[in-house]
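Notes for the one structure printed next.
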Amino acid sequence: MSNLLAGKVGIISGALNEESIAWKVALKAHAEGARFVLTNAPLAMRMGEINKLSEQCNAPIIPADATSMEDLEKLFSGAQEHLGGKLDFVLHSIGMSANIRKGKHYGELNYEWYQKTLDVSALSFHKMLAVAEKQDAFNEWGSAVALSYIAAQRAFLDYTDMSQAKAMLESIARSYGQRLGKLKKVRVNTISQSPTKTTAGTGISGFDAFYEYANRLSPLGNAPAEACADYCISLFSDLTRYVTMQNLMHDGGFSTTGISEEIVELMSNAKQ
């Protein structure tokens with residue numbers, strides 16, 4: 001790739017540390033000629049290393065609680081002010097479940113935490129797009145991308161309330177994609193990524209088993225975070241102008257593979 005995003009400006013959310021997909025997206029976007037602002041929740045910023053990324057990409061940081069309309073309004077207006085115009089891309093890489101952090105199984109979910117999961121991990125995407133619409137913040141042919149997971153369509157142990165959050169996230173992308181497409185030719189998509197060894201991912205009970213099973217089943221193996229960042233860049237670029245309202249599987253073929261030779265061998269050895 002070479003200068004795919006030259007002249008484009010945007011917002012990248014969710015970069016916590018070097019393991020974050022959003023962190024890798026920021027580095028690649030910078031390398032491809034984009035300018036952008038970084039954002040994360042104030043608590044996440046205190047936990048992370050975002051100042052280092054800011055220096056590497058020459059990107060200012062605008063803290064924002066993605067569940068707060070007031071914070072998001074300041075984020076989008078501040079981004080446009082700093083970048084000198086309307087936006088070409090937005091990355092939503094935000095997810096949190098207190099139920100998962102606290103080890104709650106699906107039958108004993110704390111419903112206040114459940115609602116917070118939905119608000120942080122899914123409704124925040126709707127709020128972002130609603131603020132962008134209200135401020136007329138997108139250029140025509142802009143692109144909004146959110147990161148999802150196949151648990152939105154299939155049952156996965158220990159993913160609990162995040163499964164519903166991801167399903168809601170993908171639904172929001174379809175509904176808002178239709179709306180923003182008609183209003184401003186803005187594309188809205190989600191990427192359903194392989195299990196990825198990020199801080200959020202490895203916090204899920206049984207993640208290592210998730211990761212190894214998917215890696216053995218997928219013909220290409222698990223898609224690494226760097227490759228997911230490349231995919232995000234392609235969706236920000238003009239090469240994908242007519243891709244919208246899609247949940248795009250980026251999983252090495254996991255989602256359409258029934259069984260693999262590696263899984264058969266593993267099961268056969270287990271019986272011996």
Side-chain angles (χ1 to χ4, degrees), residues 1 4-5 10-16 18-29 31-32 34 89-95 121-122 125 142-156 159 162-163 165-174 176-177 186-204 207-260 262-263:
M1 293 188 293
L4 274 179
L5 303 184
I11 295 172
I12 294 177
S13 71
L16 183 66
E18 292 182 353
E19 296 177 345
S20 305
I21 292 174
W23 187 291
K24 299 181 189 303
V25 172
L27 291 177
K28 288 182 180 289
E32 292 293 343
F89 62 88
V90 169
L91 177 70
H92 179 283
S93 181
I94 302 170
S121 308
F125 191 41
S143 176
V145 175
L147 299 182
S148 190
Y149 183 54
I150 196 173
Q153 292 93 31
R154 299 184 187 178
F156 278 77
Y159 208 64
M162 280 297 295
S163 297
K166 293 301 188 184
M168 182 182 291
L169 181 76
E170 293 174 13
S171 180
I172 289 168
R174 288 188 292 271
Y176 234 125
V186 170
R187 301 158 281 156
V188 184
N189 295 288
T190 53
I191 295 176
S192 189
Q193 166 68 2
S194 295
T196 308
K197 292 183 178 180
T198 62
T199 300
T202 54
I204 299 169
F207 175 83
D208 288 344
F210 275 49
Y211 184 91
E212 185 60 28
Y213 176 75
N215 201 44
R216 287 174 180 263
L217 186 64
S218 308
L220 301 179
N222 288 332
E226 291 83 0
C228 185
D230 286 337
Y231 204 13
C232 290
I233 297 303
S234 75
L235 290 172
F236 295 160
S237 79
D238 292 337
L239 298 178
T240 51
R241 276 193 166 193
Y242 290 91
V243 179
T244 194
M245 300 166 62
Q246 303 299 309
N247 179 52
L248 301 160
M249 310 307 295
H250 189 256
D251 60 7
F254 174 84
S255 53
T256 46
T257 302
I259 196 165
S260 68
E262 289 82 358
I263 296 296

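What you see is a predicted model; the values in this text were computed from it and never measured. If you read the sequence from its start, that first residue is 1, and numbering goes on from there.
Looking at Pro195 and Tyr149, their side chains come closer than 4.5 Å, going by heavy atoms from C-beta outward. Between Cys228 and Ile191 there is a side-chain heavy-atom pair separated by less than 4.5 Å.
Listed here is the closest heavy atom pair of Ala225 and Thr196: CB-CG2, 3.8 Å. Pairing each heavy atom of Glu32 with each of Leu4, the nearest pair is OE1-N, 2.8 Å. Taking each heavy atom of Lys166 and Tyr159 in turn, the nearest pair found is CE-OH, 3.7 Å. Residue Ala165 comes nearest to Ser121 through the heavy atom pair CB-CB, 3.8 Å, listed as atom of the first residue, atom of the second, then distance. When all heavy atoms of Ala15 and Ala22 are compared, the closest pair comes out as N-CB, 3.6 Å.
Not a single donor-acceptor pair under 3.5 Å links the side chain of Asn189 to the backbone N or O of Leu235. Although no hydrogens or angles enter the test, the distance criterion places a donor-acceptor pair under 3.5 Å between the side chain of Ser13 and the main chain of Leu91.
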Should Ser234 and Leu239 be marked as a side chain to side chain contact (heavy atoms under 4.5 Å, CB included) after you check the CA-CA gap, both sets of side-chain angles, and the distance that decides it? CA-CA 7 Å; Ser234 75; Leu239 298 178; 5.9 Å; no
Kindly list each side-chain donor-acceptor pair under 3.5 angstrom involving residues 245-253, sequence neighbours excluded, with atom names and distances?
from: Gln246; atom 1: NE2; to: Thr244; atom 2: O; distance (Å): 3.1
from: Asn247; atom 1: OD1; to: Thr190; atom 2: OG1; distance (Å): 2.8
from: His250; atom 1: ND1; to: Gln193; atom 2: OE1; distance (Å): 2.7
from: Asp251; atom 1: OD1; to: Gly253; atom 2: N; distance (Å): 3.1
from: Asp251; atom 1: OD1; to: Phe254; atom 2: N; distance (Å): 3.4
from: Asp251; atom 1: OD2; to: Ser255; atom 2: N; distance (Å): 3.0
from: Asp251; atom 1: OD2; to: Ser255; atom 2: OG; distance (Å): 2.9

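The side-chain hydrogen bond (donor to acceptor under 3.5 Å, both in side chains) pairs that include a residue from residues 216-225 are Glu212-Arg216, where partners are two or more places apart or lie in different chains. Listed by first and then second residue, the salt bridge (Lys or Arg N to Asp or Glu O under 4.0 Å) pairs that reach into residues 218-227 are Lys24-Glu226, sequence neighbours excluded.
In terms of the salt bridge (Lys or Arg N to Asp or Glu O under 4.0 Å) criterion, residue partners of Arg241 (sequence neighbours excluded) are, by chain and number, Asp238. Leu220 is linked by a side chain to side chain contact (heavy atoms under 4.5 Å, CB included) to nothing, counting only residues two or more places apart in sequence or in another chain. Every residue two or more places apart in sequence or in another chain was checked for a side chain to side chain donor-acceptor pair (under 3.5 Å) with Ser192, and none qualifies. Judged as a ring-ring contact (aromatic ring centres under 6.0 Å, His included), and not counting sequence neighbours, the contacts of Tyr176 are His126. Applying the side chain to side chain donor-acceptor pair (under 3.5 Å) test to Ser143 and every residue at least two apart in sequence or in another chain returns nothing.
Separating the NZ atom in Lys28 from the CD1 atom in Ile21 is a distance of 12.0 Å, to the nearest 0.5 Å. Note that OG1 of Thr240 is 10.5 Å distant from CD1 of Ile233, once rounded to the nearest 0.5 Å.
Phe156 pairs in a ring-ring contact (aromatic ring centres under 6.0 Å, His included) with only one of the listed residues (Tyr213, Phe210, Tyr211), which is Phe210.
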